[in-house]
Amino acid sequence: MNTRSTILPLLFLLVGSLAEQALADDFFRIDNIRFLQEEPKDKQGVYSFKPHPSHRHLQVRDEFIPCLAVTVSAKQKIHPDQLQAKVYYYDAQYRKIASTYAPSEIERPHTTRHYAWPRLISPEKETLYFAVPTKVLKQKNWEALVVFGDRKGMTAKQHPGQLMQSRLDYAEKKLVNSKKKVKRKAFETPIIEHVVKTRHHQHKQITFIIRPPAGAKKLEEAEGVFAVCLLANNVEDLKRTFMGDIEPGGRLGRYADLCDEHNMAMVCWGAQKMWLTGKSWDELDKYENYRVEQAQVAVMDAWGKGIEEMHKKYGLPNEHFLLTGYSAAAHFTLRLAMRQPHYFLAVHAHIPNSFDKPTPEASQSLWLLTTGELDRGYERSLKFYQRCRAMGYPMIYKSIMRLGHQNHPIADALAYEFFDYALTKKKERIEYLNELKNPLSDLRQERLDHPNRPWLKDFQAPKFIGDKVNQEMFLAKEIDLVPKPFRVPLPTQELANAWDKNP
């Protein structure tokens with residue numbers, strides 16, 4: 001088979017354009033400064049942290065700390081790694097009281113981790129928070145000067161603005177007052193394109209788009225892979241969808257944050273229809289099953305071949321992937337995970353309406369299946385879930401009330417928690433698979449004795465139980481309140497809370 005791989009000149013233009021251009025010194029803006037003396041209603045502010053009661057990797061908010069909420073923006077997108085933001089505090093006699101040289105870490109929306117900066121600064125306003133030093137709070141009439149920008153240009157703004165800024169002394173003063181136009185070169189994140197040929201006459205190739213982790217100079221620096229099957233009919237659709245969804249607020253934006261947090265590459269490709277919409281494997285006749293299977297084997301084998309090629313050429317990791325897909329892309333996701341299970345740590349499929357036959361090998365991944373009660377694949381999803389659970393799949397199932405064939409924030413939030421949880425189980429899965437290879441291991445005999453028991457203990461004895469029909473959650477000790485066919489294992493408080501949401 002012929003393959004080709006190129007570095008695309010497809011770049012995220014986070015500052016400027018591909019060519020250098022002159023920009024005025026008003027590139028950066030400080031739009032507003034608020035002093036938050038008491039805890040705000042939206043809980044967005046600076047807090048002290050304490051250990052999470054049930055999740056050893058997380059911390060939760062404790063006491064609120066008075067802070068400045070500084071709303072900033074830039075003319076074009078720019079990565080925070082290039083920026084500085086400081087606060088200088090003065091008394092009424094223009095004497096400097098204290099300085100803060102970086103924003104404070106806060107728990108930003110849609111994440112359980114703490115960040116000082118948002119993922120990007122753009123024309124859309126973002127807020128930075130600065131804890132006000134105790135010695136400043138003890139002063140009656142203090143003044144804050146916020147400085148924001150990069151080494152080529154900065155802007156400054158006061159709060160409450162009673163002192164003359166020209167009389168304030170600070171290190172960036174000349175840069176703030178400079179009217180010199182500066183040149184900024186585009187901040188470029190290379191996107192790798194890799195094409196692999198298949199053995200199928202209709203689905204002739206798979207095009208991969210790979211996004212390295214933020215700040216990584218080489219793809220081999222990635223410590224994991226987030227694999228995303230996208231709804232795209234051709235290569236141009238794939239590129240357009242990828243570039244749109246990766247933006248902050250896009251469907252991939254939140255996963256991009258997860259990738260950057262855990263130093264993972266993101267690998268995307270387009271869904272190819274190799275099945276009959278609205279029919280599962282057990283609803284096809286002999287000829288249909290043969291035709292569909294021939295296409296799936298050819299394409300899925302080529303997918304694995306492409307991953308191995310990128311592993312050899314770029315150093316892309318080739319195991320323990322996270323995998324997700326939506327609608328027709330969920331069909332591809334399910335079938336890929338059944339046929340190439342050794343690549344995947346965790347799999348999420350949302351609103352598929354066609355299902356494949358579960359395989360024993362795929363039970364060694366973690367699974368999340370979400371759907372809508374009004375989606376035409378709902379009844380098939382229930383049947384698929386029961387089959388998988390009977391085969392020992394560690395699987396969570398969630399149907400969203402009054403939802404049809406659509407995406408939904410509840411599914412997105414649950415998926416994010418699911419993948420975050422799965423990453424904490426990566427080491428345990430590696431140890432399990434290694435022990436399974438040992439012919440003298442007790443685990444091998446245990447698997448023979450209990451082939452339909454989930455390999456992960458969290459799913460053998462989960463802390464919470466969901467009722468997938470009545471959409472209710474119970475403590476493990478209340479398991480008898482849920483009929484056995486209705487039970488959904490929920491291994492952690494975070495997953496249980498995300499599951500127990502309804503429109």
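The analysis underlying the following values was restricted to heavy atoms, covering all of them including side chains, and did not include hydrogens, waters or symmetry mates. What you see is a predicted model; the values in this text were computed from it and never measured.
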Any chance you could lay out the side-chain hydrogen bond (donor to acceptor under 3.5 Å, both in side chains) test for H320 and R429, step after step, and finish with the verdict? CA-CA 9 Å; H320 309 300; R429 182 173 184 262; 3.1 Å; yes
Check step by step if side chain to side chain contact (heavy atoms under 4.5 Å, CB included) holds for N434 and E431. CA-CA 5 Å; N434 287 338; E431 293 172 350; 5.8 Å; no
CE-CG distance between M266 and L258, expressed to the nearest 0.5 angstrom: 8.5 Å
State whether R453 and E446 are salt-bridged, where the test is any N-O pair (Lys NZ or Arg NE/NH1/NH2 against Asp/Glu carboxylate O) under 4.0 Å. yes
Is D458 paired with K425 through a side-chain N to carboxylate O contact shorter than 4.0 Å? yes
Nearest 0.5 Å, please: how far is CD in E293 from NZ in K357? 10.5 Å
Take S354 and R335, measure what side-chain hydrogen bond (donor to acceptor under 3.5 Å, both in side chains) needs, and give me the verdict at the end. CA-CA 10 Å; S354 169; R335 287 161 171 80; 2.7 Å; yes
Side-chain contact, heavy-atom cut-off 4.5 Å: V196 with Q205? no
How close do Y343 and G304 get, heavy atom to heavy atom, and via which atoms? OH-O, 3.3 Å
Given 3.5 Å as the limit, does a donor-acceptor pair link the side chain of S399 with the main chain of G372, or not? no
Find the distance between CD1 (I209) and SG (C268) and round it off to the nearest 0.5 Å. 7.0 Å
Criterion side chain to side chain contact (heavy atoms under 4.5 Å, CB included) on V228 and V267, from CA distance to verdict: CA-CA 6 Å; V228 185; V267 175; over 6 Å; no
CA sep, side-chain torsions, deciding dist, call: L366, F418, side chain to side chain contact (heavy atoms under 4.5 Å, CB included): CA-CA 9 Å; L366 297 170; F418 168 72; 3.9 Å; yes
For the residue pair E39 and Y47, confirm or rule out a side-chain donor-acceptor distance under 3.5 Å. yes
What do the steps show when you test W367 against C388 for side chain to side chain contact (heavy atoms under 4.5 Å, CB included), and what is the final call? CA-CA 10 Å; W367 286 79; C388 289; over 6 Å; no
Taking side chain as C-beta onward, heavy atoms only, is M264 less than 4.5 Å from V225? no
Are F419 and F226 an aromatic pair, judged by ring center distance below 6.0 Å? yes
Tell me, with the steps shown, if H194 and E309 meet side-chain hydrogen bond (donor to acceptor under 3.5 Å, both in side chains). CA-CA 9 Å; H194 187 88; E309 288 174 352; 2.8 Å; yes
When you measure from the side chain of R376 to the backbone of N353, do you find a donor-acceptor pair of N or O atoms at a distance under 3.5 Å? no
NZ/K463 to NZ/K477 distance, rounded to the nearest 0.5 angstrom? 14.0 Å
Once you round to the nearest 0.5 Å, how far does CZ of F321 lie from CD of Q340? 10.5 Å
Are the side chain of S327 and the backbone of A329 linked by a donor-acceptor contact shorter than 3.5 Å? no
I'd like to know if D285 and R291 make a salt bridge, using a cut-off of under 4.0 Å between side-chain N and carboxylate O. no
Would you find more than 12 non-hydrogen atoms of other residues, nucleotides or ligands less than 6.0 Å from D442 atom CG? no
Presence of salt bridge, E308 and K312, under 4.0 angstrom: no
Under 4.0 Å between a side-chain nitrogen and a carboxylate oxygen: does that hold for R339 and D301? no
Report the C-alpha separation of W303 and F344 in whole Å, then their side-chain angles, then the decisive distance to 0.1 Å, and conclude whether the ring pair (Phe, Tyr, Trp, His ring centres under 6.0 Å) test is met. CA-CA 13 Å; W303 186 94; F344 303 112; 5.5 Å; yes
side-chain contact (heavy atoms from CB on, under 4.5 Å), paired with L490, selected from N497, D500, I396, I465: I396
Taking S280 for its side chain and D282 for its backbone only, find out whether a donor-acceptor pair lies under 3.5 Å. no
Atom pair CG/SG of L323 and C229 - distance to nearest 0.5 Å: 8.0 Å
What verdict does the side-chain hydrogen bond (donor to acceptor under 3.5 Å, both in side chains) test give for N502 and K398, after you've listed the backbone C-alpha separation in whole Å, the side-chain angles of each residue and the deciding distance to 0.1 Å? CA-CA 10 Å; N502 291 298; K398 173 68 176 179; 3.3 Å; yes
Is R380 salt-bridged to E283, going by a charged N under 4.0 Å from an acidic O? yes
